[in-house]
Amino acid sequence: MTRIRFFALLRERLGVSEWHYAQEKPVDVEALIRILKAESLAWETELNAQEVLVAVNQALVERSFIVNPGDEVALFPPVTGG
Amino acid sequence: MTRIRFFALLRERLGVSEWHYAQEKPVDVEALIRILKAESLAWETELNAQEVLVAVNQALVERSFIVNPGDEVALFPPVTGG
Amino acid sequence: MKTIIRVQMEAFSVGDEYERLTHDPDCGAVVTFTGLVRDLPHAAIQALELEHYPEMTERMLQGIADQARQRWSVRGITIIHRIGRLTRNQPIVFVGVASAHRHSAFQAAEFIMDFLKTRAPFWKKEETSDTCYWVAAKASDQRAAKRWEQDSAQ
Amino acid sequence: MKTIIRVQMEAFSVGDEYERLTHDPDCGAVVTFTGLVRDLPHAAIQALELEHYPEMTERMLQGIADQARQRWSVRGITIIHRIGRLTRNQPIVFVGVASAHRHSAFQAAEFIMDFLKTRAPFWKKEETSDTCYWVAAKASDQRAAKRWEQDSAQ
């Protein structure tokens with residue numbers, strides 16, 4: 001089971017703050033995003049429309065990063081703090 | 001009459017905090033320093049030994065700057081505030 | 001040589017944070033940066049809501065402070081970021097750096113702010129009198145962070 | 001858009017000076033620099049005596065602030081320099097800059113310090129437990145000031 005969390009604008013647009021994926025083997029971030037897009041046309045549209053940053057286990061990662069079952073993945077828009 | 005003031009290490013080494021020069025016509029800073037050096041061998045030694053900054057009427061100036069009678073001239077070592 | 005990281009709802013006192021940074025006889029220079037809620041070019045801000053990713057923020061801020069220490073010889077580092085609802089003119093973020101010399105304190109403080117702006121998981125939602133929207137990330141912030149990559153020298 | 005220049009014997013409060021700089025709804029960034037009496041690499045400082053050229057100092061500091069305003073878009077500027085006898089860990093100098101954006105506040109504050117260090121007529125005499133001497137000017141300060149001449153960009 002992999003927990004995928006959404007923040008800020010992305011959370012509002014997708015309509016959920018998290019989503020659980022019954023992951024069984026390692027996949028890269030790119031593949032995980034394709035799985036999310038396959039969930040619904042609305043999600044596909046949102047995830048295509050926006051720039052999305054990805055963190056795995058609370059560290060920013062590239063799209064090629066490998067996600068293992070049990071990891072915490074977070075998707076969010078570019079940050080705007082400070 | 002031109003008032004020449006000395007500060008910090010230079011004041012201590014020359015032994016006076018100011019010196020009045022009966023100036024009658026404009027001279028450049030370079031010439032004024034030559035006049036000071038001519039005052040005593042001790043002054044000449046000190047003024048040769050040290051890097052000296054010059055302000056005329058409270059603004060830093062180059063050696064070619066023209067001093068008029070009545071100006072306030074200040075000679076001091078490189079500044080070390082802050 | 002202490003690093004202090006805080007993420008909090010409450011306001012902070014710049015005076016108190018400054019004092020904390022000066023308890024070190026080897027520290028000759030303290031630089032502080034404070035970011036405040038300011039009016040927009042086109043409208044007065046009523047309030048600002050700051051969301052964050054709790055499990056990640058402190059870890060990320062600690063990582064940015066560690067990177068600053070690798071680049072410059074600095075002593076104390078304090079990073080405070082507020083979350084929740086903030087109103088006009090209130091402080092949002094504080095970065096303080098104490099160092100033996102001024103240049104490293106200035107550089108480290110600006111580096112921390114540039115990285116915080118582009119890496120730390122905070123998002124701002126602004127409210128004016130008639131609307132409410134998520135703030136867009138700025139290209140100028142990306143450029144500001146990027147210049148430290150080229151900048152290998154002090 | 002105020003410039004405050006003060007040359008004084010008394011200590012100052014960084015917290016109070018920071019607060020004064022934030023009374024401006026267009027100011028989103030405040031950078032402060034504070035320089036303190038610190039121990040030397042080889043000996044503990046007992047005290048420091050600061051001499052200045054009274055008629056010239058405030059005018060020079062005002063001129064440095066004016067130059068910073070010509071280079072960067074900043075709002076409030078505060079420069080405070082102490083004179084007289086200071087002991088270990090006491091603050092000597094404060095530079096605060098309030099601005100809409102952080103980069104101009106950082107740049108202006110560092111510029112003011114670099115120029116103050118090489119132009120403003122202050123001289124330090126340091127006392128350790130067994131000696132007392134005038135501080136020598138540093139080549140690194142000259143280089144720091146010089147880099148702003150080449151630096152035509154923001």
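Below, chains carry the letters A, B, ... as their sequence lines are ordered, and counting in each starts from 1.
Looking at D:Glu55, the atoms closer than 4.5 Å to chain B (heavy atoms on both sides) sit in the backbone and in the side chain alike. The parts of B:Ala8 that come within reach of chain D are both its backbone and its side chain, each placing non-hydrogen atoms under 4.5 angstrom from that chain.
Within the 4.5 Å cutoff, no side-chain heavy atoms of D:Arg59 are placed close to those of D:Met56. A heavy-atom distance below 4.5 Å is found between the side chains of B:Val54 and B:Val73.
Residue pairs that meet the salt bridge (Lys or Arg N to Asp or Glu O under 4.0 Å) test with at least one member in residues 121-134 of chain D, sequence neighbours left out, are B:Glu12-D:Lys125, D:Arg85-D:Glu127. Counting only residues at least two apart or on different chains, the salt bridge (Lys or Arg N to Asp or Glu O under 4.0 Å) pairs with a member in residues 60-73 of chain B are B:Arg3-B:Glu72, B:Arg5-B:Glu72.
Chain B forms more heavy-atom pairs under 4.5 Å with one residue of D:Leu50, D:Val93, D:Leu48 than with any other, namely D:Val93. Most heavy-atom pairs under 4.5 Å with chain B, from the set D:Arg119, D:Gln142, D:Met113: that is D:Arg119.
Contacts of residues 74-82 of chain B with chain D at a heavy-atom distance below 4.5 Å involve B:Ala74, B:Phe76, B:Pro77, B:Pro78, B:Val79, B:Thr80, B:Gly81, B:Gly82, listed in sequence order. Against chain D, no residue from residues 17-53 of chain B qualifies, as none has a non-hydrogen atom under 4.5 angstrom away.
A donor-acceptor contact shorter than 3.5 Å is absent between the side chain of D:Thr131 and the backbone of D:Thr128.
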Worksheet entry | salt bridge (charged side-chain N to carboxylate O under 4.0 Å, His left out) between D:Asp24 and D:Lys2, intermediate numbers included | CA-CA 10 Å; D:Asp24 179 345; D:Lys2 214 159 54 164; over 6 Å; no

Q: Determine, stepwise, if the pair D:Thr78 / D:Arg6 fulfils side chain to side chain donor-acceptor pair (under 3.5 Å).
A: CA-CA 8 Å; D:Thr78 301; D:Arg6 297 202 323 256; over 6 Å; no

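Residues D:Ser99 and D:Ser104 have side chains that bring a donor and an acceptor to within less than 3.5 angstrom of each other. Looking at D:Asp66 and D:Gln70, their side chains never bring a donor and an acceptor atom within 3.5 Å of each other. The closest side-chain donor-acceptor pair between D:Arg71 and D:Gln107, if any, does not fall under 3.5 angstrom.
Ring centroids of D:Trp72 and D:Phe111 are separated by less than 6.0 Å, placing the two rings close together.
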